[in-house]
Amino acid sequence: MSERVRTVATASVIVAMAIILLTLVSTQPANLDRVDAIGARIKCPVCQGESIANSPSQMARDMMDLVEDRVAAGASDQAIIDELLSSYTGALLLDPPPSGNTLLLWLVPAAAVVIGITVILWWRAHPGSEASKPALPASRSRRRLLAGGLILVVAFAVIVVVASNSLQERPSTASGVADLEGQDLSEVSNETMEAVIAANADNPEVNGMRLALAERYFEEGDYRSAFPHYLVVAEDTNASPAQAITALVRLGWMAFDGNGEVATATRLVDEALAIDPESTVALYVRARVRWCGAGEADEAAAVFQRLLDDPDLASDTRSQIEADLALALEGAGCP
């Protein structure tokens, strides 16, 4: 192989390696359109690690609407990102530009190209066959060429490893059930749980998280947010009996307390009792609905008395039922 051909081949390899590496570092997923690509780079200000593209929070939706509007108006990606970061406190860039720690990731490929070309030019300017210098043995020349090629290959491999590790360490824009396994859900934001549930909608293992989030909404009196989660669990044939009972009873109480639907509430609680006729919470809620909604104080009193016969009844629950029983026996209206 002639010196010229060898030089061109070496240069081509170096340039190809640089292009591959720069593509690996800088390209966005091809299946994302421009709006989603921008949204995937911005951290939701009120979430724990989600991008605004994946977060179900209202603020994230508003931010995505802004992105869509700016894209339609022809604004550049950088202009849109700058506006988001300046307008929303807490918004961060999940995929930062080349600065700080990421600057090395961008400079190393360029440095490798420069060094490679410099080596080639030096070899061209100092050929081993020059008349002014003793000719190198062919074996030594081949060893030198082999050593140079090996150095370039090793350097490229190191750069690829560094780039891959950096890409893997970028914050994820999607969460999974396993990400929160063993974690105290009381420390997880509503937005994070919503994102995990949305990403695992068909996974039966997410029902526990659905109920935990729905219970949080229920305790806050936010029936509108709790309702769809309870409904999904109630209709899921893979839900456990305990999960189904909890969902049906809560749906029943919300139907009564939120809309005054006595018949619907009774039907839902009866479905829970069909699963477990001895369910304390189902019996209690049914008695309350019939008492408060249909004026059936005597029937409610009988159920309350039955529940009080349970020696394992929790003390706070017992106190509540005893107070309700006293009022029902008096024929008073429910509190």
Side-chain angles (χ1 to χ4, degrees), residues 15-114 159-160 162-176 179-180 188-202 213 217 222 224-225 228:
V15 172
M17 290 190 297
I19 292 174
I20 291 171
L21 181 60
L22 289 173
T23 301
L24 171 67
V25 173
S26 62
T27 54
Q28 291 283 355
N31 62 336
L32 291 178
D33 62 24
R34 191 173 166 216
V35 173
D36 287 339
I38 295 173
R41 296 183 62 189
I42 303 297
K43 178 185 178 297
C44 172
V46 296
C47 311
Q48 296 186 1
E50 287 85 27
S51 69
I52 60 173
N54 287 344
S55 172
S57 72
Q58 185 57 52
M59 180 176 290
R61 296 302 93 204
D62 292 342
M63 295 172 73
M64 286 298 291
D65 289 342
L66 185 148
V67 173
E68 187 172 357
D69 291 343
R70 297 297 183 268
V71 168
S76 68
D77 289 8
Q78 192 57 52
I80 297 171
I81 291 172
D82 290 343
E83 181 176 356
L84 289 172
L85 297 182
S86 63
S87 301
Y88 292 88
T89 302
L92 298 173
L93 194 59
L94 290 175
D95 186 10
S99 61
N101 293 333
T102 62
L103 184 59
L104 179 63
L105 192 60
W106 293 84
L107 290 182
V108 169
V113 173
V114 172
I159 295 171
V160 170
V162 173
S164 298
N165 289 339
S166 175
L167 289 173
Q168 291 171 4
E169 290 170 1
R170 291 175 183 170
S172 174
T173 58
S175 299
D179 297 333
L180 301 180
V188 181
S189 69
N190 291 0
E191 289 79 11
T192 296
M193 294 173 71
E194 289 280 13
V196 173
I197 291 168
N200 298 272
D202 298 327
L213 179 59
Y217 288 138
D222 186 359
R224 177 171 296 182
S225 297

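Numbering of residues begins at 1 and proceeds along the displayed sequence. Note that this is a predicted model, so its numbers are computed, not measured.
Judged by distance alone, the side chain of R34 and the main-chain N or O of E68 form no donor-acceptor pair under 3.5 Å.
A pairwise comparison of heavy atoms in T192 and S189 identifies OG1-OG, 2.9 Å as the closest pair. Nearest heavy-atom pair, I52 versus L84, reported as atom, atom and distance to 0.1 Å: CD1-CD1, 4.3 Å. Between A53 and A40, the closest heavy-atom pair is CB-N, 3.7 Å.
With values rounded to the nearest 0.5 angstrom, M193 atom CE is found 8.0 Å from Y217 atom OH. Rounding to the nearest 0.5 angstrom, the gap separating the CG atom in L85 from the CD atom in Q78 is 8.5 Å. Rounding to the nearest 0.5 Å places CD1 of I38 at 8.5 Å from CZ of R41.
When each of V35, V71, I42 is checked for a side chain to side chain contact (heavy atoms under 4.5 Å, CB included) with I80, only V71 meets the rule.
Counting only heavy atoms from C-beta outward, the side chains of M64 and D36 approach each other to under 4.5 Å.
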